[in-house]
Amino acid sequence: MTQPWMKNRLVQWIDYRLPMFSFAEKELIDYPTPRNLSYWWNFGSLAGIVLVIMIVTGIVLAMHYTPHVDHAFDSVERIMRDVNYGWLIRYIHTNGGSAFFIIVYIHIFRGLYYGSYKSPREILWILGVVILLCMMATAFMGYVLPWGQMSFWGATVITNLFSAVPIVGDIIVTWLWGGFTVDNPTLNRFFSLHYLMPFVIVGVVVLHLVSLHQHGSNNPLGIDAKGPQDKIPFHPYYTVKDMFGLSAFLTIFAGFVFFAPNFFGEPENYIPADPLLTPPHIVPEWYFLPYYAILRSITFDIWFLSAKLIGVVLMFGSILVLFLVPWLDRSPVRSARYRPIYKQLFWVLVIDCVVLGWVGGNPPEGIFVIIGQIATLYYFAHFLVLMPLLSVIETPRPLPTSIAEPVLGGGSGPPAAAPQTMEKAQ
Amino acid sequence: MADSEDIRAGDGHGETRRDFLYLATGAFGAAGGAIALWPLIHQMSPARDTLALATTEVDLSPIEVGQSITVVWQGKPVFIRRRTEAEIEEAGTVALDDLPDPQPDAERARKPEWLIVVGVCTHLGCIPKGQATGDRKGEYGGWFCPCHGSHYDTSGRIRKGPAPKNLPVPSYEFLSDSLVRIG
Amino acid sequence: MRRTLGAILAALALAGASPAMAADAVAPPSVKWTFDGLFGSFDRAALRRGFQVYTEVCAVCHSLRLVHYRNLTAIGFSEDQVKALAAEVEVTDGPDAEGEMFDRPARPSDRFVSPFANDNAARAANNGALPPDLSLVTKSRIGGPDYIHGLMVGYREAPAEMEMSEGMDYNAYFPGHQIAMPAPLSDELVEYADGTEATVGQMAKDVTQFLVWAAEPELEERKRMGVKVVLFLVLLTGMLYAVKRAIWSDVPH
């Protein structure tokens, strides 16, 4: 459909020179989208909007924040007490971080469930994992800025991970710190990078979107669109659906910001950093707890490799393994709806990640160590063993012949079509 | 939101109701979004700790006749001069028509003995000389701005040079004979 | 997959909200505070009584350095009263024209004056234990206001089997039960200006409420605004759902 405003002379004049209007028409309005996307497909655009909220509130906070060990804590409290609406902006930013991770984790699990990483969307998926890595770096450095006890000791523990690198480990850590401990130079560079990283994320998000629009969204059936009857224009159908989802999200989000603003936070971080006193229990923010559990699950050396080194490698490996997922899962069927065994294992993985998070939040003693080790083992087995294995042994259920068919074809249940081998592009 | 026409062209009644719904929702959401911008704008206004320093109380008792002191008020220098009889006389008798920015001395000094002005040259914001004993006070015995040669008289009024206005008088209030609150 | 959304969110929340609790801490009694809940607000009279308890009792050892005297207008003192309250305390300022530091009466724009010049002085005066700053104490302790209140009323005779260290007191709600702070409150310790009977329980509640205000002066504004924002968003969400239904009505799905 051609938009009425495209007939405007001024619009045409500009568009001839800078095709922003035809771009918007093509990618935001007419953009053909599968008609059967569920609400699980809301979380991508939601993540984008939360990124914008984080950048806007972050820029505002940077106007009042002082990145110096003597003033950082007090400048944050000044924001909370004296700056007009400072408490609101800061609480949106802190809770926004947690919301961002919840949304992105759901988005990732959505992709895992419906096989959104499979051909031709491998690069789309890889870019998503890059975004996750950037988010983790940004969140970690941002958490250091208020310079509370958890800020300081979290920074100490995480930067010390790099000392596990053989031979040059200590040199790397000293370089990261810019000194002999986490101190003012560290805080300064973290502030600088915390300001930079979101814009890097924006850049990768743009690539993520370009890659998405190349072949369009996957869908709950996991089959390709066969023709125009399978797709609808993005606007108004998905714009309104995304707006509705956004508004519902904001309602819950506002509940936290206004009525439980410190729900996701650690009380300890309201105590100014004290380099001579470690808090009794150092825990990272909740979104890092699963990785933290993996890090701590290795309590034994293997050959000449220290437990510390293996823990660090596994922790980073738990993210890096996601890069390989498109090639670990060789099944031609995308959606778990038609993969009876994979569907079960998917939920086991979800539970496994929650268990890892729970273990990460508890002291590394007794039963938690064993549970953490089992959960870590399953995590890697899921990707490295079960995924490739399932591609071979699993018999998928029959796929519908087209997206439109189950809804338009009379509703007499899914027709017994053979699995569509053509789903795989190669 | 013109898409409602595509959806069900025949049903005239439902269409108006629908258009109203779209319009109302759009307006409601837009209003909320506009209100949400206010905190982002207002956060740049002076914060509460800044406003708490918006007034300064000055003890005048140690200032001798003929002496000047400089105090900081809202980050700017304020000149407080305890004027001599001669200076008051001179400030009060000048013909207003001779002034680039005519203003009688009585309007500028609530108590003739005390002249309180913001010490920022109205030309381009330099701080005029004339506070310290050895300073050049300009041709009119008040202050002299070395940047571009503006001369101020004993009432802080511009008399000669490029500055367009008199030195501004901050709002102030005598809490007692020897205590003044500026701001 | 849809019905599992709730389960996942709940599980994630659970995983995040179960931080390591100190194993030996006993849950303090739960108090019904006026500032709890969606419409909670402070009790101004209690705040002023709590301020009195803080100044007469806590302030001997504990600083409150993030609060300024000017903030006291928010708990019901007039500007002149605040000025007078501030002027009762001397604060070091300077250097003056001769380069010397000097003492002057505090002004409303000053921070609450700390009892000790620095942490080391505070430690030296308290057997090596540092009395923590109280500005954020209700936010920085697990259990929040209930814990602070519990600490005030939790002093007991140490159980016979417990070995107490020199100079420590037994407190039912302090992690480990051995606390360096002697019981700060006793009945009739302060004389309330408004005639309220100054029992330990009353003073504990009042000073806790005052400290909650000191830590979260935005609490009332936050909750009032929150009610409006959430109401607005609930309404907007409902309207958007109706719009979504209308727009999607011609798409079988």
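Labels below follow one simple rule: chain letters A, B, ... track the order of the sequence lines, proteins then strands, and each chain is numbered from 1.
Put simply, the side chain of A/N84 gets close to the backbone of B/H42: a donor and an acceptor are under 3.5 Å apart.
In this structure, B/M44 CE and A/H64 NE2 are separated by 8.0 Å, a value rounded to the nearest 0.5 Å. The CE atom of A/M243 lies 10.0 Å from the OG1 atom of B/T25; values are rounded to the nearest 0.5 Å.
Heavy-atom neighbours of B/K111 NZ from other residues, nucleotides or ligands within 6.0 Å: above the threshold of 12. At most 12 heavy atoms of other shown residues, nucleotides or ligands fall within 6.0 angstrom of atom CD in B/E85. The 12-atom threshold is exceeded at CZ of B/F174, counting heavy atoms of other residues, nucleotides or ligands nearer than 6.0 Å. No more than 12 heavy atoms of other residues, nucleotides or ligands lie within 6.0 Å of CZ in B/F20, so this atom counts as exposed by the packing criterion.
Most heavy-atom pairs under 4.5 Å with chain B, from the set A/V60, A/V240, A/I79: that is A/V60.
The minimum heavy-atom distance linking A/I89 with B/P39 is given by the pair CD1-O, 3.9 Å.
Contacts between B/T50 and chain A at a heavy-atom distance below 4.5 Å involve the side chain alone, from C-beta outward. For A/R81, the part sitting under 4.5 Å from any heavy atom of chain B is the backbone (N, CA, C, O) and nothing else.
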